[in-house]
Amino acid sequence: MGKIAFVFSGQGDQKVGMCRDLFDANPIFKEEMQSLDKIHPGLIDSIYSGSDEELMKTINTQPALYAIETSLSKMLDSVNIKADVVAGFSLGEIAALSYAGSFSDEEGMQIVSKRAEYMQRESEKFDAVMTAVLRLDQDKVNELAQKYEFVFPVNFNCPSQIVCSGLESEIKEFEADVKNAGGRALRLSVKGAFHSPFMREASDDFRTYLDTVEVDLPRIDAYSNYLGDIYKDSVKDTLALQIKSPVLWQNIVEKMISRGVDTFIEIGPGSTLANLIKKINKDVRVFTSGSLDGFDKIKEELC
């Protein structure tokens with residue numbers, strides 16, 4: 001058997017009640033959630049008793065997903081299913097680095113909360129959104145985006161799926177151009193133009209904050225969204241640049257596979273990354289972990 005990769009999901013799959021079956025049935029998952037709730041009080045209530053509208057706010061979404069993902073990885077560890085390599089999509093990179101030993105779970109919660117605070121602040125400055133472009137290749141999406149001053153291709157997810165960030169006023173026209181070119185545009189459930197120049201001040205402030213905490217090099221191979229490859233040095237610089245730079249997800253997955261990964265486990269409440277990976281390469285095994293059924297299938301196949 002080849003290597004196992006844990007891939008930690010980003011914003012978009014969050015919803016009130018996510019992973020409730022695991023919280024109720026798995027003591028390892030619940031214990032980790034409760035531990036992180038002490039660092040970020042009200043976390044569990046926001047996930048299981050709050051509103052989708054509140055949970056969708058970046059300042060709430062990112063800590064909530066970090067807690068879910070860290071708890072899922074602890075649950076898998078408890079049955080001796082461990083990652084050889086890790087990557088995270090956007091905020092998922094914080095959980096990936098925590099798993100890889102760059103900082104503790106508790107420190108990761110503090111780091112992701114600061115990241116969310118800065119990104120929420122910048123999101124409120126602009127009427128900006130993100131939209132996924134389907135059925136068009138990278139060159140065509142770049143060509144269409146170049147017509148606009150404030151539309152940026154930012155997430156290179158898989159063949160024929162590229163996410164763009166931009167101002168609402170320009171994105172509407174851009175989406176019409178996408179349709180006319182034979183593509184499809186699908187709005188994401190996030191509020192803000194992430195991984196674009198709109199996040200410059202958030203990136204700068206996050207880098208300043210990271211100087212106040214200790215961040216080690218990962219103990220296992222961890223892939224950077226910004227580099228599209230393995231972290232080698234300057235984790236703080238790279239992690240801060242990620243906020244205002246494109247996510248090179250397809251590059252990451254392809255490099256993992258070329259280096260021996262044949263099994264991917266999505267660490268998160270949904271299946272977004274699992275679906276992207278299947279589109280990148282149909283020959284690898286892909287699992288999701290965000291439910292009792294998913295966890296049972298992983299144990300059946302890998303234990």
Side-chain angles (χ1 to χ4, degrees), residues 1 3-11 13-50 55 60-89 91-113 216 218-222 261 263-274 285-303:
M1 188 171 111
K3 296 177 181 177
I4 295 174
F6 283 5
V7 288
F8 296 77
S9 57
Q11 285 178 244
D13 282 337
Q14 72 277 355
K15 61 180 180 180
V16 171
M18 55 185 171
C19 301
R20 182 75 208 216
D21 55 349
L22 293 170
F23 185 83
D24 290 339
N26 189 283
I28 303 297
F29 182 91
K30 185 174 184 176
E31 181 180 346
E32 179 70 4
M33 289 287 289
Q34 290 173 331
S35 174
L36 294 174
D37 188 76
K38 293 176 183 176
I39 306 297
H40 192 97
L43 183 75
I44 291 174
D45 281 346
S46 73
I47 295 171
Y48 297 121
S49 303
L55 190 60
N60 299 323
T61 305
Q62 293 193 12
L65 285 173
Y66 174 84
I68 290 287
E69 292 169 11
T70 303
S71 301
L72 288 171
S73 65
K74 282 284 190 296
M75 181 184 72
L76 291 169
D77 273 353
S78 73
V79 293
N80 205 34
I81 297 173
K82 301 179 185 296
D84 299 299
V85 304
V86 295
F89 195 104
L91 84 91
E93 197 163 304
I94 308 293
L97 286 170
S98 176
Y99 183 90
S102 290
F103 34 76
S104 70
D105 297 343
E106 292 76 17
E107 290 165 337
M109 176 56 75
Q110 294 171 334
I111 289 169
V112 81
S113 296
D216 298 324
R219 295 172 194 159
I220 62 174
D221 284 348
V261 172
T263 302
F264 290 83
I265 302 176
E266 178 165 0
I267 309 297
S271 58
T272 297
L273 298 185
R285 293 195 297 174
V286 184
F287 300 93
T288 58
S289 62
S291 67
L292 273 174
D293 287 344
F295 182 47
D296 287 343
K297 184 175 181 180
I298 293 169
K299 288 191 294 181
E300 180 182 341
E301 296 287 332
L302 301 182
C303 286

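Note that the structure is a prediction, hence the values are computed from the model and not measured. Below, all heavy atoms of this structure are taken into account, side chains as well, without hydrogens, waters or symmetry copies.
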Hey, are Thr272 and Asp13 close enough side-chain-wise for a donor-acceptor pair under 3.5 Å? yes
Donor-acceptor under 3.5 Å (Ser271 side chain, Ala274 main chain): no
What's the separation between atom CD in Glu69 and atom CD in Glu32, rounded to the nearest 0.5 Å? 12.0 Å
Would you please test Thr263 and Phe287 for side chain to side chain contact (heavy atoms under 4.5 Å, CB included) and show each step? CA-CA 8 Å; Thr263 302; Phe287 300 93; 3.8 Å; yes
Passes side chain to side chain contact (heavy atoms under 4.5 Å, CB included), Cys303 versus Ile81? Steps please. CA-CA 7 Å; Cys303 286; Ile81 297 173; 3.6 Å; yes
The test is side chain to side chain contact (heavy atoms under 4.5 Å, CB included); show your working for Ser71 and Phe23 and say whether it passes. CA-CA 9 Å; Ser71 301; Phe23 185 83; over 6 Å; no
Leu65 to Gly10 - nearest heavy-atom pair and separation: CD1-O, 3.6 Å
Return the CG to CG distance between Leu97 and Asp216, rounded to the nearest 0.5 Å. 10.5 Å
Ser9 versus Pro269, closest heavy-atom pair with distance: OG-CD, 3.9 Å
Measuring only between side-chain heavy atoms, which start at C-beta, is Leu43 closer than 4.5 Å to Met109? yes
Once you round to the nearest 0.5 Å, how far does CE of Met33 lie from CE of Met75? 11.5 Å
How about Glu31: does its CD atom have over 12 heavy atoms from other parts shown lying under 6.0 Å from it? no
Under 3.5 Å, is there a donor-acceptor pair between the side chain of Ser289 and the main chain of Phe295? no
Working to the nearest 0.5 angstrom, can you tell me the gap between Leu72 CG and Leu22 CG? 6.5 Å
Leu55 versus Lys15, closest heavy-atom pair with distance: CD2-C, 3.5 Å
Run the side chain to side chain contact (heavy atoms under 4.5 Å, CB included) check on Gln110 and Ile39 step by step: do they pass? CA-CA 7 Å; Gln110 294 171 334; Ile39 306 297; 3.9 Å; yes
Determine whether Asn60 and Ser46 make a side-chain contact, defined as any pair of heavy atoms from C-beta on separated by less than 4.5 Å. no
Return yes if some donor-acceptor pair links the side-chain N/O of Asp21 with the main-chain N/O of Ser291 below 3.5 Å, else return no. no
Might you point out which heavy atoms bring Ala95 and Tyr66 nearest each other, and give the distance in Å? CA-CE1, 3.7 Å
Are Val16 and Ile47 packed together at the side-chain level, in the sense that at least one heavy-atom pair is separated by less than 4.5 angstrom? no
Work out which heavy atom in Phe29 is nearest to a heavy atom in Cys19; give both atom names and the distance. CZ-CB, 3.8 Å
Do side-chain atoms of Ser98 reach the backbone of Ile94 as a donor and acceptor pair under 3.5 angstrom? no
Looking at Lys299 and Asp296, is any side-chain nitrogen of the basic one under 4.0 Å from a carboxylate oxygen of the acidic one? yes
Got a sec: does the NZ of Lys297 have more than 12 other heavy atoms crowding it under 6.0 Å? no
Knowing that exactly one of Ile68, Val7, Leu76 qualifies, which makes a side chain to side chain contact (heavy atoms under 4.5 Å, CB included) with Ile267? Leu76
At their closest point, which heavy atom of Ala64 faces which heavy atom of Met18, and how far apart are they? CB-CE, 4.0 Å
Note, Val261 side chain near Asp84 side chain (heavy atom, < 4.5 Å): no
What's the separation between atom CZ in Phe89 and atom CG in Leu273, rounded to the nearest 0.5 Å? 7.0 Å
Looking only at atom types and distance, does a side-chain atom of Tyr99 sit under 3.5 Å from a main-chain N or O of Phe6, one as donor and one as acceptor? no
Rounded to the nearest 0.5 Å, what's the gap from CZ on Arg20 to CG on Leu292? Could you check? 12.5 Å
So, do Val286 and Glu266 sit near enough that their side-chain heavy atoms are less than 4.5 Å apart? no
May I ask you to say whether Lys74 pairs ionically with Asp105, meaning some side-chain N is under 4.0 Å from a carboxylate O? yes
